[in-house]
Novice: 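Below is one structure. I have some questions about it.
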Amino acid sequence: MIGKEDMQIVSHKEIAKDIFELVLQGELTRQMTKPGQFVHVKVSETFVPLLRRPISIARISREDRTFTIIYRKSGEGTALLSSKKPGEKADIIGPLGNGFPIDSSLKGKKVLLTGGGIGVPPLYELSRQLKAIGAVPVHVLGFENIEASFYKEEFARLGDTYFSTTDGSLGVKGFVTDAISYHEIEFDSLYACGPTPMLKALETRYTEREVYLSLEERMGCGIGACFACVCHIPNDPAGYKKVCSDGPVFRAGEVVLSC
Amino acid sequence: MIGKEDMQIVSHKEIAKDIFELVLQGELTRQMTKPGQFVHVKVSETFVPLLRRPISIARISREDRTFTIIYRKSGEGTALLSSKKPGEKADIIGPLGNGFPIDSSLKGKKVLLTGGGIGVPPLYELSRQLKAIGAVPVHVLGFENIEASFYKEEFARLGDTYFSTTDGSLGVKGFVTDAISYHEIEFDSLYACGPTPMLKALETRYTEREVYLSLEERMGCGIGACFACVCHIPNDPAGYKKVCSDGPVFRAGEVVLSC
Amino acid sequence: MLNITLPGLTLKNPVMPASGCFGFGKEFSNLYDLNKLGAIMIKAATPEARFGNETPRVAETPGGMLNAIGLQNPGLSGVIQTELPRLESFDVPIIANVAGSSIEDYMEVAERISQAPNVAALELNISCPNVKTGGIAFGTDPKMAADLTEAVKRVSSVPVYVKLSPNVTSISEIAIAVEQAGADGLTMINTLLGMRLDLKTGRPVLANKTGGLSGPAIKPVAIRMIHEVSRAVSIPIIGMGGIQSAEDVLEFLYAGASAVAVGTANFVNPFICSEIIDELPEMLSKYGFSHVRECIGRSHEDAPKPDYHRA
Amino acid sequence: MLNITLPGLTLKNPVMPASGCFGFGKEFSNLYDLNKLGAIMIKAATPEARFGNETPRVAETPGGMLNAIGLQNPGLSGVIQTELPRLESFDVPIIANVAGSSIEDYMEVAERISQAPNVAALELNISCPNVKTGGIAFGTDPKMAADLTEAVKRVSSVPVYVKLSPNVTSISEIAIAVEQAGADGLTMINTLLGMRLDLKTGRPVLANKTGGLSGPAIKPVAIRMIHEVSRAVSIPIIGMGGIQSAEDVLEFLYAGASAVAVGTANFVNPFICSEIIDELPEMLSKYGFSHVRECIGRSHEDAPKPDYHRA
Ligand SMILES: Cc1cc2nc3c(=O)[nH]c(=O)nc-3n(C[C@H](O)[C@H](O)[C@H](O)COP(=O)(O)OP(=O)(O)OC[C@H]3O[C@@H](n4cnc5c(N)ncnc54)[C@H](O)[C@@H]3O)c2cc1C
Ligand SMILES: Cc1cc2nc3c(=O)[nH]c(=O)nc-3n(C[C@H](O)[C@H](O)[C@H](O)COP(=O)(O)OP(=O)(O)OC[C@H]3O[C@@H](n4cnc5c(N)ncnc54)[C@H](O)[C@@H]3O)c2cc1C
Ligand SMILES: Cc1cc2nc3c(=O)[nH]c(=O)nc-3n(C[C@H](O)[C@H](O)[C@H](O)COP(=O)(O)O)c2cc1C
Ligand SMILES: Cc1cc2nc3c(=O)[nH]c(=O)nc-3n(C[C@H](O)[C@H](O)[C@H](O)COP(=O)(O)O)c2cc1C
Ligand code: FES
Ligand code: FES
């Protein structure tokens with residue numbers, strides 16, 4: 001069930017250059033189940049900026065009713081969010097969207113999780129849940145450079161973890177696809193989140209395997225009502241999928257990757 | 001010289017029901033001289049609300065470069081202002097306007113200072129300066145009720161102080177004019193700040209004495225450029241005075257009191 | 001103290017979601033009980049299914065947002081067969097938003113959709129700024145607006161409200177024209193035409209280049225237009241444009257609206273209509289009213305109140 | 001990297017205060033060196049001195065403000081004898097804002113004020129929404145706008161810019177009409193007509209009831225109008241409407257403005273023009289420009305650049 005709550009900020013810190021980890025506590029956490037879902041965050045008390053910001057759920061801790069989001073301070077909205085302090089509240093709507101599919105058939109399977117930049121956060125909860133059901137997660141994470149990288153050890157604790165950076169300051173120089181080739185990584189299925197060009201490259205390359213991609217699109221409502229976030233689907237001009245409510249995770253080929 | 005500065009909030013507390021005392025520190029204080037001047041306060045970092053809020057200077061302390069404002073939390077802007085904490089900054093423009101005239105001719109004279117509600121704050125610095133030059137300040141302060149009253153002892157320390165409240169919970173029940181009559185207060189000149197009906201009553205009543213009135217009007221710029229705050233002057237249809245830069249203090253009769 | 005009666009509409013309260021900002025209600029029905037609403041203005045329907053414009057379709061602006069959805073909808077048949085039946089379980093009048101590229105399109109949609117059992121009124125969308133043909137073109141010319149209204153009135157089985165565009169020199173002129181052509185009511189305002197440019201690329205942020213400006217930023221424009229039009233016509237107005245709170249509702253009623261619609265605010269807070277309805281009674285009392293009717297048109301001291309207000 | 005040449009105007013930089021938001025410069029001359037400014041658009045002058053409207057004259061709105069000053073000014077003689085001479089000590093071109101109630105009024109002001117030594121151009125205010133006669137009436141009818149422009153051009157000794165109202169169905173139509181009538185340039189946009197009601201009294205907050213909406217809220221409307229008009233005409237545009245920062249200046253240049261004016265922001269931060277001018281060079285470099293000229297009209301991929309831009 002989607003809910004709205006003024007959630008308690010438990011901790012909030014900069015964990016890499018312009019990358020913030022925000023831990024929130026409240027009842028809404030009980031509704032969070034699938035990795036890859038996101039929340040819609042109101043970053044100010046006034047109507048400037050007007051719209052909420054979609055941010056993926058990076059970790060769910062149902063025991064203490066907390067969940068974690070990790071975001072990059074880029075524009076006006078995330079800058080405002082970054083100034084919030086522990087003890088204050090944050091107005092959250094969630095959980096939104098359909099996450100990555102996880103079921104017992106993955107037990108014992110090697111699942112490659114590939115993320116670029118701020119596409120990395122949802123992979124963390126995904127990896128935790130995959131490991132919990134007995135799958136074998138392998139991570140290939142791409143960052144701009146080492147300063148912008150985060151959660152390296154956290155991922156390493158869950159499975160083999162490789163890196164790529166644009167400048168070569170961490171791992172392979174290049175893109176995640178370069179790192180996958182360089183390390184000759186084998187896998188049964190592939191779950192990815194990151195910039196559209198990255199998703200497109202993966203989709204084109206691994207046509208034989210089961211591939212799930214998590215998309216980003218500018219959003220209005222986040223709940224499927226405004227039609228801001230639609231994608232085309234193949235072979236049907238009037239057909240569409242909404243990233244917020246039909247996605248953000250789609251099976252490769254389900255939607256046209258240009259949006 | 002009018003300046004603009006992000007001033008340090010030294011202290012900020014609620015001193016009566018919805019009445020806040022805010023002490024600010026910075027270089028701008030050096031420019032503040034005359035009682036009755038005001039500052040223009042930006043209450044938010046965004047442009048909501050867009051305009052600044054005019055608030056009178058209630059106390060100037062040039063030694064530690066601090067000054068004090070006292071305001072009532074009423075609408076959106078003052079509500080936002082009231083949430084600011086010591087250690088944070090406040091964007092201030094000032095000092096603005098012309099204050100109450102003070103010169104050595106007042107030495108030994110009995111000066112009645114009359115204020116209503118949020119018209120009281122500027123009288124405090126005025127009284128301090130009058131006392132400093134050897135005048136004898138007497139105060140008649142009007143409030144809604146005792147809960148909304150403030151600075152009673154502070155004024156009492158500077159001179160005789162009388163009160164009126166709408167409900168009679170402090171001093172004379174009624175208006176400041178009632179308190180002046182009741183206590184049969186004698187004075188040489190009268191300085192007043194408060195709601196227009198109060199100023200009008202005083203102006204009509206004390207035509208023989210030197211009377212100075214500090215006016216309020218909705219403002220745009222606060223510096224004389226937008227013409228938002230004009231008043232008519234007697235006997236000149238196109239003539240006008242600007243409350244922000246020609247005032248806010250006017251000699252009784254100088255402007256038409258309906259604005 | 002909240003009920004209002006308008007042509008075709010018996011409203012429990014004067015608050016309804018605005019067209020295009022509530023889809024066909026499905027998503028919101030999972031969030032709260034839609035029976036609470038005064039009415040529902042559903043998303044525009046055109047004869048054929050439409051994808052609409054390419055993305056990006058929304059952009060933020062100071063205190064507002066631009067959208068260029070472009071009338072994406074499942075087409076008349078989709079709406080009648082799938083969307084409207086789903087809403088039949090609720091005891092809420094539906095106002096169907098009618099769009100198209102030609103008079104014939106509008107007539108086709110109006111005739112068929114007005115026969116759906118739960119459609120209580122039509123809202124003629126002659127003000128959509130985001131489509132190349134039809135839409136706003138009909139809303140900026142009094143003659144075209146009147147002709148279209150007349151044509152639709154002929155085929156509609158329910159009262160017809162005409163949705164006015166604010167992008168005109170004289171909105172009263174259009175309002176009078178459609179009143180004379182037989183409109184039963186007006187809804188206003190649709191969005192203001194706007195644009196935002198990307199600082200890095202220099203190009204418009206929206207794929208459609210221009211979009212419709214909505215949200216708090218446009219509230220003063222809406223208020224002045226409703227104030228003006230409510231004096232110029234005697235048919236009722238459903239007001240909208242930047243409503244975010246119960247206080248905003250009051251301001252629209254004062255201006256001369258008989259009911260209001262909430263648009264963009266549904267995106268910021270999907271529970272907003274429900275929350276506003278809950279707050280209305282207390283707010284009315286606070287300002288000394290015992291019924292919403294008493295607020296309507298209060299900004300016009302001397303304006304004679306239209307008949308339906310006296311009821 | 002900041003200089004721009006426009007008819008009658010040699011600007012050190014493209015930033016100037018907008019008319020009515022800077023008085024006659026006196027107050028600001030105490031705050032910073034006015035020589036920094038590209039130009040100064042002074043407050044409107046009418047033949048006779050005017051008090052303007054009653055107060056309250058301003059009201060805040062979400063992300064904007066309403067004003068109904070009503071062309072208060074010391075009259076043509078006052079401006080020429082007192083205000084303009086005071087500005088002569090600065091090496092800054094003055095753009096005189098011309099207003100009135102009739103064509104004769106405009107002609108009288110234009111003829112005399114254009115002869116003042118430091119007046120480099122006129123800005124015909126045919127878009128003031130806050131006066132009963134003249135003002136916006138001239139700005140909403142292409143024929144009237146053209147006639148007025150022609151009449152003023154006949155008597156003016158300096159180039160004439162016409163200030164357009166956004167409260168029209170087709171701003172390009174007006175723009176083209178005044179271009180054909182001989183306008184040397186356009187300034188746009190003036191304020192949008194708006195209203196705010198007081199929740200307690202139910203009545204308009206402004207004594208004049210309606211007022212002109214300015215500030216960040218209207219920026220997207222200004223951008224789209226400038227984008228549109230800059231394609232429709234080949235005379236230059238001085239753009240305005242909600243500018244608050246150097247980034248906003250860039251957006252207006254992209255849209256097609258050749259220079260910009262800052263209005264309401266002067267009230268929020270009286271140092272804003274000076275600060276924006278200081279920030280421009282670095283901001284231009286950041287986005288890869290070596291001269292402001294390169295930004296002008298960049299939102300139009302395929303638009304041929306008007307002649308004066310190529311200079
Ligand atoms: C499903 C989903 C999950 C996301 N998860 C994360 C995450 O875990 N961590 C993270 O750092 N970021 C994430 N993003 C991207 C994040 O939403 C944007 O970075 C953020 O909205 C930027 O806001 P801003 O105010 O800083 O930027 P501005 O540029 O000021 O934003 C202006 C507008 O553009 C939108 N916008 C800007 N960039 C993007 C973008 N890349 N995608 C979608 N809308 C955008 C904003 O929401 C806003 O409406 C996610 C986006 C989506 C759609
Ligand atoms: C010269 C001067 C000195 C003042 N000194 C003080 C003071 O020392 N302490 C104090 O509490 N108040 C003082 N005021 C009044 C104070 O400015 C208003 O109470 C305040 O602006 C209200 O803002 P708001 O956002 O809370 O109210 P809102 O109602 O949200 O304000 C809306 C708009 O109306 C204006 N406004 C509202 N009330 C007034 C008012 N009474 N006078 C002028 N503009 C108003 C606001 O500035 C704003 O633009 C003074 C006003 C003036 C003109
Ligand atoms: C995303 C979006 C889609 C809209 N779609 C429609 C539509 O299909 N038909 C219509 O008549 N109005 C449409 N509108 C206009 C709204 O119904 C409303 O008139 C306008 O947004 C002003 O109200 P607001 O400021 O409360 O949003 C749409 C508005 C938005 C923001
Ligand atoms: C208080 C005020 C007074 C104004 N007076 C005039 C005027 O006298 N003549 C004129 O052409 N425009 C006048 N304007 C309009 C501005 O010059 C400008 O076109 C408009 O405010 C939009 O710009 P902004 O959003 O930056 O303020 C005035 C605007 C304001 C806010
Ligand atoms: S963001 Fe509104 S439908 Fe997806
Ligand atoms: S507030 Fe602008 S002139 Fe006084």
Side-chain angles (χ1 to χ4, degrees), chain B residues 1-6 31 40-54 74-77 80 91-97 196 215-233 236-246 255-259, chain D residues 17 20-32 43-44 46 48-75 78 199 205-207 211 214-217 219 242 244-245 263-272 275:
Chain B
M1 260 281 291
I2 297 171
K4 175 172 171 295
E5 186 178 342
D6 277 334
Q31 308 295 331
H40 223 184
V41 186
K42 183 115 182 60
V43 292
S44 94
E45 272 84 67
T46 70
F47 39 77
V48 176
L50 186 63
L51 299 174
R52 289 174 181 264
R53 298 295 188 259
S74 46
E76 183 191 7
L80 274 168
D91 174 356
I92 304 288
I93 291 179
L96 301 175
T196 310
L215 270 62
E216 271 185 23
E217 184 53 76
R218 278 178 190 254
M219 293 188 174
C221 65
I223 64 169
C226 76
F227 290 77
C229 66
V230 296
C231 294
H232 286 283
I233 56 176
D236 177 0
Y240 65 91
K241 293 279 176 185
K242 291 182 271 193
V243 171
C244 71
S245 54
D246 298 322
V255 297
V256 180
L257 283 185
S258 65
C259 57
Chain D
C21 303
F22 208 71
F24 294 96
K26 196 175 102 187
E27 293 77 16
F28 295 87
S29 69
N30 298 325
L31 302 182
Y32 62 88
K43 208 170 151 43
T46 55
E48 72 300 344
R50 289 198 188 180
F51 180 81
N53 296 317
E54 294 308 317
T55 57
R57 293 173 165 193
V58 296
E60 267 182 317
T61 69
M65 69 176 273
L66 294 169
N67 90 79
I69 307 297
L71 297 183
Q72 177 159 30
N73 78 95
L199 292 179
V205 171
L206 298 177
S214 64
K219 199 180 74 171
Q244 296 207 107
S245 65
T264 304
N266 289 291
F267 306 154
V268 182
N269 174 5
F271 299 91
I272 188 75
E275 291 177 7

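In this text, all values refer to a predicted model and were calculated from it rather than measured experimentally.
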Novice: Could you tell me whether the side chain of D:N73 reaches within less than 4.5 Å of the side chain of B:F227, counting heavy atoms only?
Specialist: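 SC-SC contact between B:F227 and D:N73 ruled out.
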Novice: Once you round to the nearest 0.5 Å, how far does CE of B:M219 lie from OG1 of D:T55?
Specialist: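 Interatomic distance, B:M219 CE to D:T55 OG1, rounded to 0.5 Å: 11.0 Å.
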Novice: Just one of B:R218, B:R53, B:R52 clears the salt bridge (charged side-chain N to carboxylate O under 4.0 Å, His left out) bar with D:E60, so which one?
Specialist: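 Of the listed options, the one satisfying the test is B:R53.
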Novice: Atom CD in D:E27, atom CG in B:L96: separation rounded to 0.5 Å?
Specialist: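 So the gap between those two atoms works out to 11.5 Å.
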Novice: If you count every heavy atom of other residues, nucleotides or ligands that lies below 6.0 Å from B:Q31 atom CD, does the total exceed 12?
Specialist: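 Enclosed: over 12 neighbouring heavy atoms sit under 6.0 Å from CD of B:Q31.
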Novice: Tell me which of these, D:P270, D:P216, D:G75, has more heavy-atom pairs under 4.5 Å with chain B than the rest.
Specialist: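 With the most close heavy-atom pairs to chain B, the winner is D:P216.
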Novice: Pick one of side chain, backbone, both or neither for B:M1, based on which atoms fall under 4.5 Å of a heavy atom in chain D.
Specialist: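 It is the side chain, since no backbone atom gets that close.
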Novice: Using non-hydrogen atoms only, which part of B:K4 is less than 4.5 Å away from chain D: side chain, backbone, both, or neither?
Specialist: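 For B:K4, the contact with chain D is made by backbone and side chain together.
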Novice: Taking B:V48, B:L51, B:I93, B:D91 one by one, which has the highest count of heavy-atom pairs under 4.5 Å against chain D?
Specialist: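 Highest number of heavy-atom pairs under 4.5 Å: B:L51.
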Novice: Which bit of D:E48 comes within less than 4.5 Å of chain B, counting heavy atoms only: side chain, backbone, both or neither?
Specialist: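 D:E48 has no heavy atom closer than 4.5 Å to chain B.
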Novice: Quick check on D:F28 against chain B: is it the side chain, the backbone, both or neither that has a heavy atom closer than 4.5 Å?
Specialist: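 For D:F28, side-chain heavy atoms alone lie under 4.5 Å from chain B.
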Novice: With chain D as the partner, which of B:A228, B:G3, B:P237 has the greatest number of non-hydrogen pairs under 4.5 Å?
Specialist: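 Heavy-atom pairs under 4.5 Å are most numerous for B:A228.
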Novice: Is there a side-chain contact between D:R57 and B:V230 (heavy atoms, below 4.5 Å)?
Specialist: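 A side-chain contact under 4.5 Å exists here.
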Novice: So D:N30 and B:I223, do their side chains get closer than 4.5 Å, heavy atoms only?
Specialist: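 No, every pair of side-chain atoms sits at 4.5 Å or beyond.
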Novice: Output a table of donor-acceptor pairs, distance under 3.5 Å, between side-chain atoms of residues 61-69 of chain D and any protein atom two or more places apart or on a different chain; print 'none' if there are none.
Specialist:
unit_1	atom_1	unit_2	atom_2	d
D:T61	OG1	D:G64	O	3.3
D:N67	OD1	D:I69	N	3.3
D:N67	OD1	D:N130	ND2	3.4

Novice: Where on D:K43 is there a heavy atom nearer than 4.5 Å to chain B: the side chain, the backbone, both, or neither?
Specialist: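 The answer is the side chain of D:K43.
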Novice: Looking only at heavy atoms and a cut-off of under 4.5 Å, which of B:G222, B:C226, B:G239, B:S245 has the most pairs with chain D?
Specialist: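 Result: the option with the highest number of such pairs is B:C226.
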